[in-house]
Amino acid sequence: MAHAILVVGEVADGALAPITAEMLGAARRLSDGGTVGCALIGSGVQANAQDAIALGADEVLVVDDAQLADYNTDTYLQAMLAVNEQAAAPIALFGQTDMGRDLAPRLAFRLGTGVIMDTVELAIEGGRLHATRPCYGGNARAVNAVQSDPQIATVRAKSQDPAEADASRQGQTTAVAVAIDSAAVRVKVTDRQGAAAEGVRLEDADIVIAGGRGIGGPEQFDVIEELAGVLGAAIGASRAVCDLDWRPVAEQIGLTGKIVSPTLYIAVAISGASQHTAGCSGAKNIVAINKDPDANIFKTSRFGIVEDFNKVMKPLIEAVKKERGG
Amino acid sequence: MHIIVCVKQVQDWDIPPSSFKIDEATKVVTPPAGVAPVPSQFDTIGVEAAMRLKDNDPDAKVTIMSMGPEGARDVIKHSLAMGADEGLLLTDPLFEDLDWYQVALVLSAAVKKAEDANLVICGRQAVDWDMGVSGSGIAELLDWPALTICKDVQVSDGTLSVERVLMDGYETVEAALPAVVTVSNELGEPRYPKLQQIMQAAKKQVTVWSAADLGLDASQLGADARKLTLERLYVPVSDVECLIMEGDTPEEKAQNLAKALAEAKLI
Ligand SMILES: Cc1cc2nc3c(=O)[nH]c(=O)nc-3n(C[C@H](O)[C@H](O)[C@H](O)COP(=O)(O)OP(=O)(O)OC[C@H]3O[C@@H](n4cnc5c(N)ncnc54)[C@H](O)[C@@H]3O)c2cc1C
Ligand SMILES: Nc1ncnc2c1ncn2[C@@H]1O[C@H](COP(=O)(O)O)[C@@H](O)[C@H]1O
């Protein structure tokens with residue numbers, strides 16, 4: 001079946017990744033009555049096909065192979081080439097994820113077509129996909145179009161409204177046979193280390209408290225941890241903090257870190273460089289605590305305190321407890 | 001081992017957002033007056049990665065390759081001062097307004113012409129457009145593997161072993177040379193050139209190649225051959241008004257914030 005749009009889905013911990021639901025939402029909106037295909041590549045991913053259909057896929061193209069249990073550029077590229085041929089879609093969307101940012105460019109160059117990375121807005125104009133992406137560290141937005149097919153783009157997490165799941169939706173599941181050519185597999189993944197996240201997952205948290213270089217050292221994060229504990233919040237950090245090894249890289253928020261969109265984002269001693277706010281500008285409410293009244297972070301914040309954080313955190317923790325009736 | 005590090009010259013990213021300007025009509029970024037262009041941040045980290053490999057293998061040759069205007073010599077010089085051996089400047093009027101496919105075409109053609117190069121190091125993304133595709137593109141056009149977004153790069157007996165940064169952790173990946181690697185800031189701070197090294201760098205050789213030297217012409221590098229077009233470029237506007245908490249003491253400010261958050265039903 002030829003499709004209007006192909007969404008390259010991802011499965012994490014046995015479930016469809018949120019970015020896949022977001023892309024299916026976007027694809028339904030953009031397809032203008034055309035059909036939407038969804039690729040699922042991995043091991044055991046057949047089980048998730050119905051979920052993708054419920055979220056808007058008309059056909060799920062499954063490459064289910066034990067050899068594809070973990071991402072590897074070379075094996076996934078082979079699977080993608082087969083899926084792409086079968087889907088014959090003029091547009092293919094990937095998530096801006098570990099997989100998408102490695103595989104989408106590789107596929108585009110293999111097919112001799114263009115790719116637009118890390119897009120946040122998608123529209124069809126004059127029959128072509130017009131994708132808006134932040135550039136210059138978040139200072140600017142560019143609208144790009146690919147003039148060759150397939151038009152490939154990666155989509156930033158949380159930038160699109162996910163489709164509502166409808167369990168009664170009908171669709172087709174097609175197994176795509178791929179015989180992995182081991183001679184073309186030149187990279188070997190020998191080890192994978194996860195960063196064991198404690199408490200609330202950063203990407204899913206409703207409240208995030210992030211600390212910047214102004215915190216002054218790893219021990220000084222104890223007040224951030226204390227407030228996070230009171231609010232049930234996840235902890236984030238600026239790149240400066242992660243580069244200094246005060247906090248793990250997995251907590252980095254921003255352009256080259258994680259994208260979060262909590263209801264409340266509290267930035268403590270963070271200057272608010274565009275590359276940082278690129279990761280939190282989707283937050284419904286940003287609160288800034290910074291001793292510099294001219295700090296850039298206040299430009300994107302709804303509430304602010306101009307003060308040395310050392311002096312406000314303890315009283316803030318007490319006042320928050322009181323407001324919450326604790 | 002011959003390592004080519006791709007270093008792009010970009011506008012300084014460390015400027016106040018208020019001095020970031022765009023000409024929407026021509027869709028170009030207007031560089032701030034009096035601020036010199038710099039090597040792209042991740043590319044200097046690429047030079048550091050190459051120098052660490054050379055620290056372990058003094059026979060390794062490190063070439064710094066930059067495509068851009070004549071002025072891109074400055075970023076080559078800076079990288080040579082970090083200890084690299086030679087420079088390679090790709091400059092030609094035809095290189096002025098390329099899309100990413102064309103960039104990878106030029107860079108990969110130069111790697112081919114360099115003949116003995118067996119490791120290409122790029123930044124994870126150039127910090128002007130933040131696209132992050134050229135490393136994979138060069139690899140694809142050379143038919144080499146690419147190992148992207150790395151924080152550690154080792155070579156022993158012709159085998160490359162890297163640690164790739166993932167959203168939640170990292171993975172170790174191996175491949176035989178030749179290969180392309182792209183690096184991220186987690187690799188560590190780039191070394192700072194010493195005065196004596198800066199003086200030595202002035203004497204190091206910088207080869208200049210044009211499109212014709214690489215066997216490329218306007219049919220491949222012209223505007224018509226672009227696969228990606230720029231339809232619009234603008235500066236996003238934020239409409240958020242920040243309410244700064246009043247108070248004579250830090251305690252009062254903290255209490256007012258907690259109150260405001262409770263009233264907005266945020267806590
Ligand atoms: C290509 C590229 C990608 C990048 N990606 C990211 C990214 O993903 N995430 C990211 O965060 N950054 C990223 N950066 C880096 C970014 O540009 C900034 O350098 C970084 O965010 C600065 O971190 P910071 O605000 O913690 O530190 P600083 O800029 O040093 O700011 C510290 C702040 O703390 C305040 N302060 C100091 N002491 C106190 C105190 N006692 N009380 C209250 N306030 C205090 C200061 O007024 C200042 O505003 C990237 C940069 C580039 C070029
Ligand atoms: N004009 C250029 N000269 C040298 N290297 C480049 C150039 N453009 C891109 N690169 C390399 O490719 C990487 C990724 O660039 P990009 O795909 O544009 O984000 C950069 O970090 C550089 O290492």
Side-chain angles (χ1 to χ4, degrees), chain A residues 73-74 98 101-102 105-106 109-110 113-118 130 135-137 139-148 186-195 197 231 243 249-250 255-256 258 263-264 274 285 296 298-307 311-312 315-316 319-320 323-324, chain B residues 13 17 20 22 29 99-101 104 127-133 136-137 140-141 145-148 165-176 184-186 226-236 238 240 242-245 250-251 253-255 257-262 264 266-267:
Chain A
T73 318
D74 294 337
D98 289 333
R101 53 188 172 198
D102 188 66
R106 193 82 201 194
F109 279 88
R110 176 66 58 95
T113 190
V115 56
I116 316 174
M117 301 298 288
D118 203 14
H130 283 220
C135 53
Y136 283 84
N139 280 312
R141 295 267 187 287
V143 182
N144 287 112
V146 182
Q147 301 302 341
S148 46
R186 293 171 295 189
V187 300
K188 194 167 102 201
V189 180
T190 57
D191 185 30
R192 188 172 277 121
Q193 299 287 328
L231 290 172
D243 280 353
V249 175
L255 183 64
T256 50
K258 285 188 174 145
T263 311
L264 178 60
S274 57
N285 302 275
N296 204 50
F298 291 117
K299 295 205 175 76
T300 49
S301 300
R302 181 169 171 203
F303 301 110
I305 291 186
V306 179
E307 192 64 77
K311 297 193 186 135
V312 286
L316 182 61
V320 165
E323 289 296 339
R324 286 163 63 99
Chain B
W13 60 85
F20 181 84
I22 276 173
V29 176
D99 77 356
W100 282 267
Y101 199 90
V127 309
D128 45 8
W129 293 100
D130 292 320
M131 192 62 102
V133 301
S136 300
E140 187 58 39
L141 296 176
L147 296 82
T148 57
V165 182
L166 305 176
M167 292 280 184
D168 285 296
Y170 67 91
E171 63 182 17
T172 310
V173 183
E174 288 178 2
S184 187
N185 52 288
E186 289 82 1
R226 282 185 80 114
K227 295 178 193 293
L228 208 73
T229 49
L230 179 61
E231 304 294 325
R232 210 187 141 203
L233 188 65
Y234 64 98
V235 175
S238 145
V240 195
C242 186
L243 187 68
I244 300 288
M245 296 298 132
E251 288 77 15
K253 292 178 187 174
Q255 284 155 7
L257 177 61
K259 255 187 233 138
L261 293 177
L266 294 172
I267 56 171

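In what follows, chains carry the letters A, B, and so on, assigned in the order in which the sequence lines appear, proteins first and then strands, with residues in each chain numbered from 1. Just so it is clear, the structure is predicted and the values come from calculations on it, not from any experiment.
- Proximity of a side-chain donor or acceptor of B:Thr172 to a complementary backbone N or O of A:Thr190 within less than 3.5 Å is not detected.
- If you tally non-hydrogen atom pairs under 4.5 Å between each of A:Leu255, A:Ile116, A:Thr256 and chain B, the highest count goes to A:Thr256.
- The minimum heavy-atom distance between A:Cys135 and B:Trp129, with the atom names listed, is CB-O, 3.5 Å.
- In terms of non-hydrogen atom pairs under 4.5 Å with chain A, the most contact-rich of B:Ile22, B:Val165, B:Val240 is B:Val240.
- For the set A:Met117, A:Lys258, A:Lys311, A:Arg110, the count of heavy-atom pairs under 4.5 angstrom toward chain B peaks at A:Arg110.
- Distance check: A:Arg141 CZ to B:Leu233 CG gives 11.0 Å after rounding to the nearest 0.5 Å.
- Interface check for chain B: of the options A:Gly304, A:Ala319, A:Ala142, the most heavy-atom pairs under 4.5 Å are formed by A:Gly304.
- Between chain A and the options B:Val173, B:Asp130, B:Val133, the largest number of non-hydrogen pairs under 4.5 Å is found for B:Asp130.
- Among the candidates B:Ser184, B:Ala262, B:Gly137, B:Ser136, the residue making the largest number of heavy-atom pairs closer than 4.5 Å to chain A is B:Gly137.
- Both the backbone and the side chain of A:Asn139 come within contact range of chain B, judged by heavy atoms closer than 4.5 Å.
- When each of B:Val29, B:Asp99, B:Asn185 is checked for heavy-atom pairs under 4.5 Å with chain A, B:Asn185 comes out on top.
- Taking CZ from A:Phe303 and CG from B:Leu257, the interatomic distance works out to 7.5 Å, rounded to the nearest 0.5 Å.
- Contact count against chain B (heavy-atom pairs under 4.5 Å) is highest for A:Arg106 among A:Glu307, A:Arg101, A:Arg106.
- Only the side chain of A:Asn285 comes within contact range of chain B, judged by heavy atoms closer than 4.5 Å.
- Contacts between A:Thr113 and chain B at a heavy-atom distance below 4.5 Å involve the backbone alone (N, CA, C, O).
- Both the backbone and the side chain of A:Val306 come within less than 4.5 Å of a heavy atom of chain B.
- Counting heavy-atom pairs under 4.5 Å between each of A:Asp74, A:Val115, A:Asp118 and chain B puts A:Val115 at the top.
- Taking OG of A:Ser301 as the start and CG of B:Leu243 as the end, the distance is 11.0 Å to the nearest 0.5 Å.
- Note: A:Val187 leads A:Thr263, A:Val312, A:Asn296, A:Val187 in heavy-atom pairs under 4.5 Å with chain B.
- The shortest non-hydrogen separation linking A:Glu323 to B:Ala258 is CG-O, 3.7 Å.
- How far NZ of B:Lys253 is from CG of A:Leu316: 13.0 Å, rounded to the nearest 0.5 Å.
- Between B:Thr148 atom OG1 and A:Asp98 atom CG the span is 9.0 Å, to the nearest 0.5 Å.
- Here B:Pro145 is the residue among B:Pro17, B:Ala264, B:Pro145, B:Ala175 with the most heavy-atom pairs under 4.5 Å with chain A.
- Atom-to-atom distance recorded for A:Leu231:CG and B:Leu261:CG is 8.5 Å, nearest 0.5 angstrom.
- Formation of a donor-acceptor pair under 3.5 Å by the A:Asn144 side chain with backbone atoms of B:Thr229 is found in this model.
- Of the atoms belonging to B:Val127, it is backbone heavy atoms, and not side-chain ones, that fall under 4.5 Å from chain A.
- With a 4.5 angstrom heavy-atom cutoff, B:Tyr101 touches chain A via backbone and side-chain atoms both.
- Side-chain contact between A:Arg302 and B:Leu266: present, with at least one pair of heavy atoms (C-beta onward) separated by less than 4.5 Å.
- Among the candidates B:Met167, B:Met245, B:Glu186, B:Arg226, the residue making the largest number of heavy-atom pairs closer than 4.5 Å to chain A is B:Met167.
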